[in-house]
**Student:** 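Here it is, the structure in full.
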2 protein chains.
Amino acid sequence: MCIHCDYRQLLKDGGVSPTLNRLRVLEIIGSNNFPLPAADIHETLDRSAPINRVTVYRILDLLVEKQIVARIATGGRAAYYGMAPNAQHQAHPHFYCTQCGRMDCLTPETVDIDFHAFENTFPGRIDKVEMRLDGICRNCLKKKT
Amino acid sequence: MCIHCDYRQLLKDGGVSPTLNRLRVLEIIGSNNFPLPAADIHETLDRSAPINRVTVYRILDLLVEKQIVARIATGGRAAYYGMAPNAQHQAHPHFYCTQCGRMDCLTPETVDIDFHAFENTFPGRIDKVEMRLDGICRNCLKKKT
DNA sequence: AGATCAATGCAACTTTATTGCATTTTACAA
DNA sequence: TTGTAAAATGCAATAAAGTTGCATTGATCT
């Protein structure tokens, strides 16, 4: 997603030691401009240098917990992973193609979300806001014809 | 969700024959004022009169396809089911408690979503917009102390 | 009543993710 | 430098959620 993010620094800031595998996972996520499912991340990494599936899951859990990475739910079964909102990157909605399973990032201005009034009266704690549009992407629309 | 919805009619309008089991599934969903996971729906129905897990899944798939019921993704693993937006019910955001797994409906005015400008320029097809707040609900906050 | 199709049930399987425990690597004090 | 503890990783087994194939039951229409 970004050439401005210092992954090593992001890990340190989150209080996790920057092991090789963590850096690798974070780089894949960060260098991709759309969120990826765990299986894709594992496959990509495993091709360049073997890494266990479970290790990837554990690293993802850790990075999500430290809010370095965001876990994004889809209409489908697998969770997708992208960079968590930070100084460089605003939170933004996603588009999920129910046909090919690809998830794209939309620009933050796509939608105008104003829930601050609500936030102040809500009796629970809000950690995260997720917004997703589901549909059929341009490519899949073309193929359909 | 509603005493105004005629479930039998909703099924007919969607072009599916109103079998007993379909009515039962739809009534559970409709009479609940928050979305439920498939397992809960099955458990509840199965207690009053035995029904197969797979039958419930199949009915849910059918109702979602016919847009009578909405499948709502959570931060967790299971999908939740609620009434699809219709004449009686506007689309609305949900709040998902990451602690107890309960999902609540929020009022449609909670957030101000304006994506019509975007919709007109987007090259794909948008079928659905889903918005979800994750956090800890009031009850779980209390328990924590 | 017989034929036909839709709906349901049951068992096996798939996908995605998690757990427990063994092994390896790293950090760091002695 | 070596020993030791803690952290990280790997591997196998298991779990949760959902799906598929095929048999059976039930509904519908002559």
Side-chain angles (χ1 to χ4, degrees), chain A residues 7-8 11-12 14-26 28-29 35-66 68-81 96 98 100-101 103, chain B residues 7-8 11-12 14-26 28-29 35-66 68-81 96 98 100-101 103:
Chain A
Y7 300 123
R8 190 174 291 272
L11 290 177
K12 281 184 190 158
V16 311
S17 52
T19 66
L20 177 57
N21 282 336
R22 287 175 185 164
L23 277 167
R24 295 213 292 151
V25 167
L26 190 53
I28 289 288
I29 294 173
L36 295 170
D40 284 12
I41 296 170
H42 174 249
E43 201 187 332
T44 304
L45 290 177
D46 199 49
R47 256 199 305 268
S48 65
I51 182 174
N52 195 273
R53 212 164 58 83
V54 177
T55 300
V56 173
Y57 277 120
R58 281 200 276 238
I59 290 175
L60 289 171
D61 284 349
L62 180 69
L63 299 185
V64 167
E65 185 202 324
K66 299 302 183 184
I68 301 167
V69 158
R71 174 181 284 128
I72 303 149
T74 71
R77 294 234 252 147
Y80 281 52
Y81 296 88
Y96 178 68
T98 51
C100 65
M103 179 174 270
Chain B
Y7 300 123
R8 190 174 292 273
L11 289 178
K12 281 184 191 158
V16 310
S17 51
T19 67
L20 177 58
N21 282 336
R22 287 175 185 166
L23 277 167
R24 295 214 292 150
V25 167
L26 191 52
I28 288 288
I29 294 174
L36 295 170
D40 283 12
I41 295 171
H42 173 249
E43 201 187 332
T44 304
L45 291 177
D46 199 48
R47 256 199 305 268
S48 64
I51 182 174
N52 195 273
R53 210 166 59 84
V54 177
T55 302
V56 173
Y57 277 120
R58 280 198 277 238
I59 291 176
L60 289 171
D61 284 351
L62 180 68
L63 299 185
V64 167
E65 184 200 326
K66 299 301 183 186
I68 300 167
V69 159
R71 175 181 285 131
I72 303 150
T74 71
R77 292 237 250 152
Y80 282 51
Y81 296 87
Y96 177 68
T98 52
C100 64
M103 180 173 269

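Proteins get letters first, then strands, A, B, ... in listed order; numbering begins at 1 in each.
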**Student:** Closest approach of Lys66(A) and Gly14(A), non-hydrogen atoms and distance?
**Tutor:** CD-O, 3.4 Å

**Student:** Is the shortest heavy-atom distance from the side chain of Leu63(A) to the side chain of Leu11(A) under 4.5 Å?
**Tutor:** yes

**Student:** Nearest whole angstrom, please: distance from the C1' of dA7(C) to the CG of Leu63(B).
**Tutor:** 13 Å

**Student:** Whole angstrom is fine here: how far is it from CG in Asn52(B) over to P in dT8(C)?
**Tutor:** 11 Å

**Student:** Considering the options Val25(A), Ile29(A), Ile72(A), which one meets the side chain to side chain contact (heavy atoms under 4.5 Å, CB included) requirement together with Tyr81(A)?
**Tutor:** Ile29(A)

**Student:** In whole Å, I'd like the distance from the CD atom of Glu43(A) to the P atom of dT16(C).
**Tutor:** 12 Å

**Student:** Is it true that a side-chain atom of Arg8(A) and a backbone atom of Leu23(A) form a donor plus acceptor pair closer than 3.5 Å?
**Tutor:** no

**Student:** In whole angstrom, what separates Leu45(A)'s CG from dA8(D)'s C1'?
**Tutor:** 16 Å

**Student:** So, for Tyr96(B) and Gly101(B), which heavy atoms are closest and what is the spacing to 0.1 Å?
**Tutor:** CE1-O, 3.5 Å

**Student:** Assign a letter to each nucleotide of nucleotides 14-28 of chain D from its 5' end: B, base within under 4.0 Å of a protein heavy atom; S, sugar-phosphate only; -, no contact.
**Tutor:** --BBBBBB-------

**Student:** So, is Ser17(A) near the phosphate of dT26(C), with a side-chain N or O under 4.0 Å from OP1 or OP2?
**Tutor:** no

**Student:** Examine dT9(D): is either OP1 or OP2 under 4.0 Å from a nitrogen or oxygen in the side chain of Thr19(A)? Give yes or no.
**Tutor:** yes

**Student:** Let me know the distance between CZ of Arg22(B) and P of dG9(C), rounded to the nearest Å.
**Tutor:** 12 Å

**Student:** Whole Å only: how far is the CG atom of Asn21(A) from the P atom of dT24(C)?
**Tutor:** 16 Å

**Student:** Please report the distance, rounded to the nearest Å, between CG in Leu20(A) and C1' in dT9(D).
**Tutor:** 12 Å

**Student:** Between P on dA7(D) and CG on Leu62(A), what's the gap in Å once rounded to a whole number?
**Tutor:** 12 Å

**Student:** Going by atom type alone, with no hydrogens or angles, which donor-acceptor pairs under 3.5 Å involve a side-chain atom of residues 44-54 of chain B and a protein atom two or more places apart or on another chain?
**Tutor:**
unit_1, atom_1, unit_2, atom_2, d
Thr44(B), OG1, Asp40(B), O, 2.8
Asp46(B), OD1, Ile51(B), N, 2.8
Ser48(B), OG, Arg24(B), NH1, 3.2
Ser48(B), OG, Leu45(B), O, 3.0
Asn52(B), OD1, Val54(B), N, 2.8

**Student:** Would you say dG10(D) has OP1 or OP2 under 4.0 Å from some side-chain N or O of Thr55(A)?
**Tutor:** yes

**Student:** Would you say Arg22(A)'s side chain and Ile59(A)'s backbone share a donor-acceptor pair under 3.5 angstrom?
**Tutor:** no

